[in-house]
Amino acid sequence: MQKVYFSSVRRMVAAMALCVVAMSAQATPYKNIHVQLVANETGRGVVYMKTEDPSNQQTRKAESITLKATIGENGNDLTREDGDPLRGFYQVGLFGEPEDGYVLAGFSLVKKADNEYTQADLLVAPTSDSNGWTDPYVADGGLVFNANCPRDVDAKADDFQGDDAADQAREAARAKDNWNVEPDHVIYAVFLPEGTVLPEGGDNPDKINNVVRQTSKAQVFTLSGQKVSAMRKGIYIVNGKKIIR
């Protein structure tokens with residue numbers, strides 16, 4: 001009897017959760033968001049972006065690209081307080097493809113010379129404190145970037161009727177054609193030579209040129225002692241020092 005009762009409760013909770021999700025999806029607000037992504041140093045790789053917007057799901061690949069997309073809010077940013085104009089996820093997937101001999105260290109909102117970047121300068125996906133939520137559009141290796149900006153919502157799905165209310169809202173927002181002239185965000189993809197180890201930043205005054213780089217003379221081994229010519233993700237021994245890629 002107790003098992004049946006708890007089973008019924010679970011079904012009720014699940015049904016309520018589905019209703020909440022449906023209501024949230026129906027009320028989705030849309031914004032016209034303008035993002036620019038630039039390879040920090042040209043000639044070292046190309047960049048591109050992905051979004052949920054059916055009219056602009058992926059940009060071309062180039063050293064500098066601009067995205068103007070109508071993006072829906074995917075959820076609440078748990079790291080922000082109620083009333084903060086930046087609250088909410090408006091997801092853009094950031095991607096970079098390095099040339100031979102280089103790696104994509106990450107993305108940054110600040111532009112610096114190569115020998116000045118630290119780990120503290122690089123963006124971290126804003127979903128780390130949001131119960132592991134991930135964006136399916138950037139599941140293939142991109143960085144989830146919250147492109148929300150302090151501007152009014154351009155349209156809401158709950159202002160329209162029918163099963164396609166969300167689509168109507170997105171098109172109504174897009175029809176305003178009111179993207180900011182200047183990008184809401186300018187992001188820099190940081191491409192660095194293979195083997196570069198970024199200092200942590202903060203109290204660490206070291207620059208990149210003061211730490212180990214993988215050069216033609218560098219000896220790189222796996223933890224099992226196997227010599228390799230290039231590093232992928234993992235732990236390596238470079239010139240006798242352990243580093244994490």
Side-chain angles (χ1 to χ4, degrees), residues 9-37 47-60 65-95 107 109 123-140 142-187:
V9 171
R10 282 197 293 269
R11 286 197 295 269
M12 290 174 61
V13 171
M16 291 173 63
L18 289 174
C19 289
V20 171
V21 170
M23 291 174 63
S24 299
Q26 184 72 4
T28 299
Y30 291 88
K31 291 185 179 183
N32 294 326
I33 294 178
H34 183 183
V35 181
Q36 185 178 15
L37 179 59
V47 294
Y48 61 101
M49 291 183 275
K50 290 184 179 181
T51 75
E52 61 169 19
D53 186 349
S55 296
N56 201 350
Q57 285 191 326
Q58 180 174 327
T59 63
R60 61 188 177 87
I65 54 173
T66 297
L67 169 72
K68 292 183 177 180
T70 305
I71 305 174
E73 184 184 35
N74 295 316
N76 289 328
D77 186 341
L78 302 183
T79 65
R80 300 187 184 277
E81 300 293 333
D82 288 336
D84 187 324
L86 294 179
R87 182 175 172 85
F89 281 155
Y90 285 79
Q91 302 293 351
V92 172
L94 308 179
F95 296 82
F107 301 92
L109 293 176
L123 293 170
V124 178
T127 58
S128 58
D129 295 324
S130 303
N131 299 321
W133 188 91
T134 57
D135 189 328
Y137 296 98
V138 293
D140 53 348
L143 176 74
V144 178
F145 176 67
N146 185 2
N148 198 1
C149 55
R151 60 172 297 173
D152 292 336
V153 169
D154 292 307
K156 290 184 178 181
D158 55 1
D159 292 334
F160 297 85
Q161 302 295 323
D163 295 336
D164 62 344
D167 293 335
Q168 294 182 61
R170 191 192 298 273
E171 292 310 311
R174 195 194 320 278
K176 290 185 177 181
D177 194 22
N178 62 347
W179 284 271
N180 290 337
V181 175
E182 296 297 325
D184 300 308
H185 307 278
V186 179
I187 310 165

message = I need the Ile187 CD1 to Leu94 CG distance, nearest 0.5 Å.
response = 4.5 Å
query = So, the side chain of Thr28 versus the backbone of Ala157: is there a donor-acceptor pair under 3.5 Å, distance only?
reply = no
query = Got a donor-acceptor contact below 3.5 angstrom from the Gln91 side chain to the Val144 backbone?
reply = no
key: Side chain Asn148, main chain Tyr90, donor-acceptor under 3.5 Å   = no
remark   = Here the gap from Phe145 atom CZ to Phe95 atom CZ, rounded to the nearest 0.5 Å, amounts to 14.0 Å
remark   = On a heavy-atom basis, the closest approach of Asp154 and Lys176 is O-NZ, 2.6 Å
query = Side chains of Ile65 and Gln36: closer than 4.5 Å at any heavy-atom pair?
reply = no
task = Mind checking the OG1-CH2 spacing from Thr66 to Trp179? Nearest 0.5 Å is all I need.
result = 13.0 Å
request  = Can you sort out the partners of Ala172 under side chain to side chain contact (heavy atoms under 4.5 Å, CB included), two or more places apart, ordered by chain and number?
outcome  = Ala155, Phe160
Positive for side chain to side chain donor-acceptor pair (under 3.5 Å) with Arg174, one of Asn56, Asn32, Asp53 = Asp53
query = If you look at every heavy atom in Lys68 and His34, which pair is closest and at what distance?
reply = CE-CE1, 3.7 Å
inquiry  = With a 4.5 Å cut-off on side-chain heavy atoms, are Lys31 and Ile71 touching?
reply    = no
query = Of all heavy-atom pairs between Cys149 and Ile33, which one has the smallest distance, and what is that distance?
reply = SG-CG1, 4.4 Å
N/O donor-acceptor pair under 3.5 Å between Arg170 side chain and Thr70 backbone = yes
task = Output yes when a side-chain donor or acceptor of Asp184 lies under 3.5 Å from a complementary backbone atom of Val35, and no otherwise.
result = no
task = Using atom types as modelled and distance alone, determine if a side-chain donor or acceptor of His185 lies under 3.5 Å from a backbone N or O of Ala147.
result = yes
request  = Would you please name every residue forming a side chain to side chain contact (heavy atoms under 4.5 Å, CB included) with Gln58, sequence neighbours left out?
outcome  = Tyr48, Lys50, Lys61
